[in-house]
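Before any comments, here is the structure.
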Amino acid sequence: MASSSVPKIKNICVFCGSNPGKEKEFLESANHLGRVLAERKIHLVYGGGSLGLMGSVSIAAFLGGSQVLGVVPKALAEGDIIGKTVGEELQVSTMSERLSVMFNHADTFIALPGGLGTLEEIFHISSWAQLNIHQKPIGLLNVNGFYNTLLSFLDHAVEQQFLTFSARQILISAATAEQLIDELQSFIPVVDSSMSRLNWSITKHRKKLRLDLSLSL
């Protein structure tokens with residue numbers, strides 16, 4: 001049960017494949033996740049388009065009444081290789097800008113099965129959490145055990161002392177959308193003591209930059 005002090009999830013960013021995958025359960029789970037988001041009045045942020053799992057989750061969420069925002073690099077939109085974006089489309093210049101915009105519009109992240117793009121996105125967001133840049137919940141929807149070997153690898157990285165135990169806890173996993181969202185809702189971040197000392201305040205750095213420029217002038 002979620003703690004009363006934990007803000008209710010309003011916007012979830014979903015990373016997933018633009019392919020349907022081999023097993024029918026992948027598309028079914030993406031569709032089900034979209035419907036669960038709508039039922040819980042949670043809005044969707046995704047990478048745009050209408051193909052594969054990206055299309056399935058976005059269409060289901062949109063038809064269920066959720067607001068849907070697709071963030072698409074102009075090159076992909078103009079290349080006409082991802083299909084028509086469901087809901088509102090926001091075009092950006094680069095892949096890095098796409099991830100930053102998706103990050104800023106979401107308060108939680110979920111990865112369905114996917115390929116290199118999905119893995120890059122979920123690990124990018126997870127590394128930011130490890131560095132205490134943010135404390136937003138991150139989850140893997142482990143459909144048909146798709147992420148089992150990845151989770152085992154992360155446990156191996158802990159054993160080999162390349163990943164701390166607290167960093168390993170950043171990625172939550174569950175087999176169903178309902179269970180995963182419940183766990184994300186009740187997530188309480190644990191930050192390494194060394195990382196808690198980091199200050200990523202943009203305002204502070206901008207003030208210092210202005211001061212340095214003034215002194216140089």
Side-chain angles (χ1 to χ4, degrees), residues 1-16 29 33 36-37 40-47 57 61 66 69 71 96-114 117-143 146-206:
M1 182 174 181
S3 169
S4 59
S5 62
V6 179
K8 183 181 183 301
I9 295 173
K10 296 180 180 179
N11 304 294
I12 290 183
C13 177
V14 174
F15 304 126
C16 57
S29 294
L33 173 60
V36 171
L37 294 180
R40 299 195 179 196
K41 302 186 186 310
I42 298 173
H43 303 312
L44 170 67
V45 180
Y46 81 118
V57 66
S66 289
L69 173 64
V71 185
S96 296
E97 185 182 0
R98 177 201 217 181
L99 187 59
S100 294
V101 170
M102 294 167 79
F103 172 81
N104 288 331
H105 279 80
D107 44 42
T108 306
F109 304 89
I110 288 177
L112 280 159
T118 301
L119 293 173
E120 188 273 335
E121 290 165 332
I122 203 67
F123 276 119
H124 201 139
I125 294 298
S126 297
S127 68
W128 285 356
Q130 180 182 10
L131 291 168
N132 200 29
I133 294 174
H134 73 89
Q135 296 184 348
K136 301 178 181 182
I138 307 166
L140 301 175
L141 188 49
N142 195 16
V143 183
F146 179 82
Y147 284 115
N148 284 352
T149 52
L150 177 62
L151 294 169
S152 295
F153 169 75
L154 294 175
D155 292 336
H156 176 66
V158 173
E159 292 173 4
Q160 297 301 312
Q161 299 181 11
F162 283 104
L163 187 66
T164 64
F165 178 77
S166 59
R168 173 64 183 85
Q169 307 312 304
I170 289 171
L171 274 174
I172 300 167
S173 65
T176 68
E178 291 88 349
Q179 180 186 357
L180 183 58
I181 293 174
D182 286 344
E183 292 192 27
L184 292 170
Q185 179 62 75
S186 59
F187 173 73
I188 298 176
V190 177
V191 181
D192 284 344
S193 58
S194 59
M195 300 300 177
S196 65
R197 298 194 298 268
L198 299 178
N199 187 338
W200 296 97
S201 171
I202 295 176
T203 302
K204 180 178 179 180
H205 290 305
R206 282 178 176 169

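Counting begins at 1 with the first residue of the sequence. Just so it is clear, the structure is predicted and the values come from calculations on it, not from any experiment.
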- I would like to know whether Leu171 and Ile122 meet side chain to side chain contact (heavy atoms under 4.5 Å, CB included); could you show each step before the answer? CA-CA 9 Å; Leu171 274 174; Ile122 203 67; 4.1 Å; yes

- Task: For the pair Leu119 and Leu150, evaluate side chain to side chain contact (heavy atoms under 4.5 Å, CB included) and give the outcome as yes or no after the intermediate values.
- Result: CA-CA 10 Å; Leu119 293 173; Leu150 177 62; 4.1 Å; yes

For the residue pair [X] and [Y], what are the closest heavy atoms and their distance?
| X | Y | answer |
| --- | --- | --- |
| Met102 | Cys13 | CE-SG, 3.5 Å |
| Leu163 | Leu154 | CD2-O, 3.8 Å |
| Leu180 | Gly139 | CD1-CA, 4.0 Å |
| Ala106 | Lys136 | O-NZ, 2.8 Å |
| Leu151 | Ser173 | CD1-OG, 3.6 Å |
| Leu184 | Pro137 | O-CG, 3.5 Å |

Between atom [atom1] of [X] and atom [atom2] of [Y], what is the distance when rounded to the nearest 0.5 Å?
| X | Y | atom1 | atom2 | result |
| --- | --- | --- | --- | --- |
| Ile9 | Thr108 | CD1 | OG1 | 3.5 Å |
| Thr118 | Leu140 | OG1 | CG | 10.5 Å |
| Phe109 | Glu121 | CZ | CD | 10.5 Å |
| Ile170 | Gln135 | CD1 | CD | 10.0 Å |
| Ile181 | Ile12 | CD1 | CD1 | 4.5 Å |
| Cys16 | Ile110 | SG | CD1 | 10.5 Å |

- Message: Test side chain to side chain contact (heavy atoms under 4.5 Å, CB included) on Asn11 and Leu69; report intermediate values, then the result.
- Response: CA-CA 10 Å; Asn11 304 294; Leu69 173 64; over 6 Å; no

- Query: For the side chain of Gln130 and the backbone of Ser126, is there at least one donor-acceptor N/O pair under 3.5 Å apart?
  - Reply: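 The answer is no, because no donor-acceptor pair under 3.5 Å joins these two groups.
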
- Item | Donor-acceptor pair, side chain of Arg98 and main chain of Gly47, under 3.5 angstrom |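 At least one qualifying donor-acceptor pair exists.
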
- Message: Between Lys10 and His43, does the side chain to side chain contact (heavy atoms under 4.5 Å, CB included) criterion hold? Intermediate values first, please.
- Response: CA-CA 6 Å; Lys10 296 180 180 179; His43 303 312; 5.6 Å; no

- Plane angle bin for Phe103 and His134 - parallel if under 30°, tilted between 30 and 60°, otherwise perpendicular: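 Because their plane-to-plane angle is over 60°, the rings of His134 and Phe103 count as perpendicular.
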
- Task: Could you tell me how the ring of Trp128 sits relative to the ring of His124: parallel (under 30°), tilted (30 to 60°) or perpendicular (over 60°)?
- Result: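 Ring orientation, 0 to 90° scale: perpendicular.
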
- Side-chain touch Gln169/Phe165, heavy atoms, less than 4.5 angstrom: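 SC-SC contact between Gln169 and Phe165 confirmed.
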
